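Following: one structure in structure tokens, then a few remarks.
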Amino acid sequence: MVGGLRAADDGSEQALAGWVHRRRNLGGLLFVDLRDRSGVVQVSFGPDWTEAGSLELAQQIGHEDVILVHGVVAARPEGARNEDMATGEVEIRARSLRILSDARTPEIPVYRAPEDELPAEELRLQHRVLDLRRRELQQNLVLRHRLVLETRNYMDRHGFIEIETPILTKATPEGARDYLVPSRVHKGEFYALPQSPQIYKQILMVSGFDRYFQIARCFRDEDLRADRQPEFTQIDVEASFVEVEDILGWMQGLVASLADVAGIDAPLPFPRMTWYEAMDRYGSDRPDLRFELEIRDWTDATAEVDFGIIRTQVAAGGRVRGLLLSDGARLSRRQIEELEGVAKAAGAPGLLWAKRADDGTSGPLGKFLSPGQADAMGLRVGDLALVAAGSDTLTSPTLAAVRDAAARVMELPRVREHAWLWVTDFPVFIEEDGVLAAGHHPFVMPHADDLELLETDPARVRGTAYDLVYNGTEFGSGSIRIHDPELQRRVLRVLGLDDAEIDQKFGFLLAALAAGAPPHGGIALGMDRIVQRFTGSSSLRDVVAFPKTTAARALFEGAPTPVGPQELEALGLTLRTGKVNEGEQGA
RNA sequence: GGGGCUGUAGCUCAGUCGGUUAGAGUGCCGGUCUGUCACACCGGAGGUCGCGAGUUCGAGUCUCGUCAGCCCCGCCA
């Protein structure tokens with residue numbers, strides 16, 4: 001390994017192999033920066049120490065050739081040391097050279113000068129074999145390995161065993177779209193790739209594997225984002241005879257040890273907040289607590305303000321909520337318009353605001369505020385209030401988005417660099433367009449105190465569900481599960497399923513629960529996101545070796561591809577539209 | 001499904017108001033050079049301006065469509 005060579009190695013014989021990173025040909029002398037996974041070291045070729053044949057051969061080597069060098073580590077001459085290089089005190093005086101493999105001229109450079117831009121991402125994905133030689137990506141994947149290793153070690157130390165669950169599995173009726181795999185043996189029938197091993201791990205609990213985990217690959221056929229790939233890896237955990245406290249304790253211990261591997265601060269225990277409190281104070285179930293800015297309820301303070309939007313929204317049962325930006329009056333009109341744009345993008349019709357200066361308040365709302373009303377809102381001279389009126393389901397996401405944007409625009413100081421948070425007591429159901437849906441998934445155990453509300457007021461039923469949040473990113477999500485088949489059936493009925501549907505879709509889970517199920521619960525942590533955040537990567541694609549584009553294509557391998565008529569025939573499929581390979585290529 | 005940004009040499013980019021033969025740096029090829037490290041210097045090759053229509057005497061530049069990559073909304077129990 002070349003990257004570890006130091007002055008102390010002076011005089012040692014070395015046989016080093018690697019890639020030609022850079023070359024500098026001075027005529028009589030030739031320098032090659034030799035690279036492998038461990039780093040870069042300078043190899044020098046010269047007539048005084050290199051065999052004649054090898055010296056001649058060295059003239060021919062090009063970027064990214066794979067070479068083998070025999071030589072001696074030598075301290076560099078005075079004045080020829082490179083302080084910017086870890087191995088800059090030494091070089092390898094090559095006695096002989098072998099070219100192990102000739103490389104074509106690389107389509108995209110592996111080496112980059114200090115100010116060079118990265119090649120276009122499309123090219124980086126097309127030529128992934130070259131892009132993956134970059135030190136940044138190599139380090140990302142090395143850290144990923146170390147985090148996976150630490151996960152396995154930690155879980156093993158705490159008595160968990162890793163069990164693999166099927167990749168070819170059964171379609172789940174709700175949630176994300178499934179990737180389907182046709183069955184050749186049973187024509188017209190399909191396997192689904194798992195969206196998560198959820199049901200399998202619950203069944204493992206019933207079978208008595210009371211502490212399970214898995215580094216599990218999951219698949220969802222939904223549109224992509226910078227932090228969303230169609231296949232991803234989660235740390236999947238489930239345990240029996242446990243309560244919320246047990247899971248949170250194990251998992252914050254795990255995450256703290258992962259953070260330690262990555263050199264990130266994670267003091268235990270992590271702070272906690274209920275879902276309701278998070279929504280009320282931050283408008284989000286994953287607030288970024290690196291900066292302090294909380295939503296205020298100005299319903300009472302503005303009760304006497306004669307402003308149409310406010311009056312109609314409050315009359316309809318809404319609240320007046322907003323953010324008070326101390327010293328925010330310094331924001332330009334343009335910056336405030338940017339915040340209004342953020343509010344609109346979040347689904348709000350607009351964003352009200354009020355600025356207070358020495359000579360009074362201004363702005364769409366400010367014009368209507370008396371000094372007393374401004375005082376009641378806590379608006380002081382120099383401050384800016386950003387206000388939304390309406391139901392919480394509208395104002396919360398709006399103000400959450402505006403909060404993040406305002407923190408950026410105002411350059412709010414961070415009170416901590418690494419903000420960890422447990423958000424607990426998520427509601428079991430959420431109402432969307434008048435229809436009840438599972439807040440997390442339909443297996444969440446409701447709070448014992450709220451069971452009586454299941455059929456009467458389901459929206460108020462709190463669940464034993466929790467999320468782990470880091471700097472505003474959801475790292476993971478879990479709950480205590482329902483282990484009573486009758487209760488499980490009740491919850492599914494509340495979700496609008498009739499008994500026939502329940503038996504068809506969840507029959508095997510209900511049957512398993514009826515076999516004597518221990519109380520159990522667990523969590524799933526997003527491995528890719530953890531690595532992304534720990535490495536400071538802007539995209540998941542930089543922490544996955546072979547990612548997909550936003551159109552779910554693999555540019556390097558060229559997947560997906562059309563299949564030929566023979567393959568379709570063998571599967572009993574016909575295509576109504578689209579591309580079929582007329583080709584010879586087999587399956 | 002919707003909105004936005006980008007697309008010019010292998011790579012990163014510039015290209016004025018629509019007007020002569022589309023430029024630079026780097027890489028590539030050839031040459032000089034014994035301490036370089038973004039080596040230096042000399043010379044050379046390299047272009048379907050993403051693709052297709054349209055407007056125009058004339059389009060890299062304007063219009064429409066389309067493809068690809070990226071960002072966002074929807075979606076992601």
Side-chain angles (χ1 to χ4, degrees), chain A residues 21-33 40-50 55 59 62-64 74 76-85 87-88 91 93 104-127 130-131 172-178 195-196 198-199 218-230 232 341-342 344-347 397 401 426 428-430 432 435-444 465 474 477 479 491-492 495-497 505-506 526 538-539 541 548-553 555:
Chain A
H21 193 53
R22 290 289 279 177
R23 22 167 298 158
R24 293 172 293 280
N25 190 342
L26 275 61
L29 280 183
L30 188 132
F31 300 98
V32 167
D33 291 341
V40 177
V41 73
Q42 174 168 283
V43 178
S44 65
F45 297 86
D48 296 344
W49 59 86
T50 306
L55 191 58
Q59 299 291 327
H63 286 153
E64 301 305 317
R76 297 200 197 179
E78 198 69 38
R81 297 183 185 134
N82 187 340
E83 291 180 4
D84 298 332
M85 212 172 169
T87 58
E91 64 182 4
R93 300 240 163 137
R104 66 172 183 268
T105 299
E107 291 84 355
I108 58 171
V110 176
Y111 166 83
R112 269 189 308 146
E115 281 146 37
D116 283 357
E117 299 285 331
L118 279 175
E121 186 154 15
E122 185 174 5
L123 295 165
R124 292 175 41 208
L125 292 171
Q126 252 165 40
H127 306 290
L130 295 174
D131 200 37
T172 48
E174 282 171 281
R177 272 186 291 269
D178 289 308
Q195 296 181 26
S196 87
Q198 180 63 32
I199 291 177
C218 306
F219 306 85
R220 291 181 187 173
D221 188 6
E222 296 291 348
D223 287 347
L224 285 77
R225 290 283 190 282
D227 60 354
R228 232 156 65 191
Q229 283 274 309
F232 57 98
V342 167
K344 284 177 184 166
F426 275 64
V428 172
F429 306 100
I430 48 170
E432 275 174 358
V435 181
L436 277 188
H440 178 44
H441 55 52
F443 318 120
V444 174
E474 181 197 315
S477 194
S479 69
V491 167
L492 291 169
L495 285 167
L497 279 72
K505 293 169 177 171
F506 298 103
S538 57
S539 163
R541 294 183 295 275
K548 307 284 189 288
T549 68
T550 51
R553 279 196 178 279
L555 295 185

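Please read all numbers here as calculations on a predicted model, not as lab measurements.
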By the 4.0 Å heavy-atom rule, please label [X] as base, sugar-phosphate, or nothing.
| X | result |
| --- | --- |
| Ala226(A) | sugar-phosphate |
| Ala551(A) | sugar-phosphate |
| Thr549(A) | sugar-phosphate |

Exercise for the section: Answer whether the closest heavy-atom distance between the side chains of Phe426(A) and His440(A) falls below 4.5 Å. Expected result: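 Not touching, per the 4.5 Å side-chain cut-off.
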query = With side chains defined as the heavy atoms from C-beta onward, is the minimum distance between Leu130(A) and Glu107(A) less than 4.5 Å?
reply =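 They are in contact (side-chain heavy atoms under 4.5 Å apart), so the answer is yes.
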Q: By nearest nucleotide on RNA chain B, pick out whichever of Ala437(A) and Ala113(A) is the more 5' one.
A: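 The 5'-side residue here is Ala113(A).
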Residue mapping more 5' on RNA chain B - nearest nucleotide basis, Tyr111(A) or Asp227(A):
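The residue whose closest nucleotide sits nearer the 5' end is Tyr111(A).
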Work out how far the [atom1] atom of [N] is from that of [M], and round it to whole angstrom.
| N | M | atom1 | answer |
| --- | --- | --- | --- |
| U21(B) | C64(B) | P | 29 Å |
| C70(B) | G30(B) | C1' | 40 Å |
| G27(B) | A45(B) | C1' | 13 Å |
| A38(B) | G50(B) | P | 34 Å |
| G60(B) | G54(B) | P | 15 Å |
| C33(B) | C49(B) | C1' | 39 Å |
| C11(B) | G18(B) | C1' | 30 Å |
| A24(B) | G44(B) | P | 12 Å |

Report yes or no: is there a donor-acceptor pair, N or O only, under 3.5 Å between the side chain of [X] and the base of [N]?
| X | N | answer |
| --- | --- | --- |
| Arg124(A) | C70(B) | no |
| Arg76(A) | C37(B) | yes |
| Arg93(A) | G35(B) | yes |
| Arg553(A) | G69(B) | no |
| Arg228(A) | C76(B) | yes |

For [X] and [N], what is the distance between atoms [atom1] and [atom2] respectively, to the nearest whole Å?
| X | N | atom1 | atom2 | answer |
| --- | --- | --- | --- | --- |
| Arg104(A) | G27(B) | CZ | C1' | 15 Å |
| Gln42(A) | U36(B) | CD | C1' | 7 Å |
| Arg177(A) | C76(B) | CZ | C1' | 9 Å |
| Glu91(A) | U36(B) | CD | C1' | 10 Å |
| Asp48(A) | U34(B) | CG | P | 12 Å |
| Gln59(A) | U34(B) | CD | P | 11 Å |
| Leu555(A) | C67(B) | CG | P | 16 Å |
| Lys548(A) | C70(B) | NZ | C1' | 18 Å |

Which pairs, protein N/O on one side and nucleotides 3-6 of chain B N/O on the other, fall under 3.5 Å?
none

Over all atoms of both residues, closest heavy-atom pair of Ala437(A) and Leu495(A):
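Closest heavy-atom pair between Ala437(A) and Leu495(A): C-CD2, 3.5 Å.
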Notebook entry, point to check: Closest approach of Val444(A) and Ser479(A), non-hydrogen atoms and distance?
Noted result: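 That would be CG2-OG, 3.6 Å.
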Using a cutoff of under 3.5 Å, can you pull out all pairs of nitrogen or oxygen atoms linking the protein to nucleotides 11-13 of chain B, with atom names and distances?
| residue | atom | partner | partner atom | Å |
| --- | --- | --- | --- | --- |
| U12(B) | OP1 | Ala120(A) | N | 2.5 |

Derivation and outcome, salt bridge (Lys or Arg N to Asp or Glu O under 4.0 Å), residues Glu83(A) and Arg81(A) = CA-CA 6 Å; Glu83(A) 291 180 4; Arg81(A) 297 183 185 134; over 6 Å; no
If you restrict it to nitrogen or oxygen atoms, what contacts under 3.5 Å exist between nucleotides 28-32 of chain B and the protein, and what is each distance?
| residue | atom | partner | partner atom | Å |
| --- | --- | --- | --- | --- |
| C28(B) | OP1 | His63(A) | ND1 | 3.3 |

Suppose we define a pair by two distances each less than 3.5 Å, Watson-Crick or G-U wobble; what does [N] pair with here?
| N | value |
| --- | --- |
| G43(B) | C29(B) |
| C70(B) | G4(B) |
| G60(B) | none |
| G23(B) | C13(B) |
| G65(B) | C51(B) |
| G18(B) | none |

Listed nucleotide nearest any side-chain atom of Arg22(A), set U36(B), A38(B), G69(B)
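For the Arg22(A) side chain, the nearest candidate turns out to be A38(B).
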Can you tell me if the side-chain N/O atoms of [X] get under 4.0 Å from OP1 or OP2 in [N]?
| X | N | answer |
| --- | --- | --- |
| Arg24(A) | C39(B) | yes |
| Arg220(A) | A77(B) | yes |
| Arg225(A) | C73(B) | yes |
| Arg541(A) | C71(B) | yes |

Side-chain donor-acceptor distances from residues 24-33 of chain A under 3.5 Å, at least two apart:
| residue | atom | partner | partner atom | Å |
| --- | --- | --- | --- | --- |
| Arg24(A) | NH1 | Asp33(A) | OD2 | 3.1 |
| Arg24(A) | NH2 | Asp33(A) | OD1 | 2.9 |
| Arg24(A) | NH2 | Gln42(A) | OE1 | 2.9 |
| Asn25(A) | OD1 | Gly27(A) | N | 2.9 |
| Asn25(A) | ND2 | Gln59(A) | OE1 | 2.9 |

- Query: What pairs meet the side-chain hydrogen bond (donor to acceptor under 3.5 Å, both in side chains) rule with one or both residues in residues 218-229 of chain A, with sequence neighbours excluded?
  - Reply: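 As it turns out, the side-chain hydrogen bond (donor to acceptor under 3.5 Å, both in side chains) pairs with a partner in residues 218-229 of chain A, which skip direct neighbours, are Arg177(A)-Glu222(A).
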In B/S/- notation (B base, S sugar-phosphate only, - none; protein heavy atoms under 4.0 Å), nucleotides 41-46 of chain B written 5' to 3' is ------
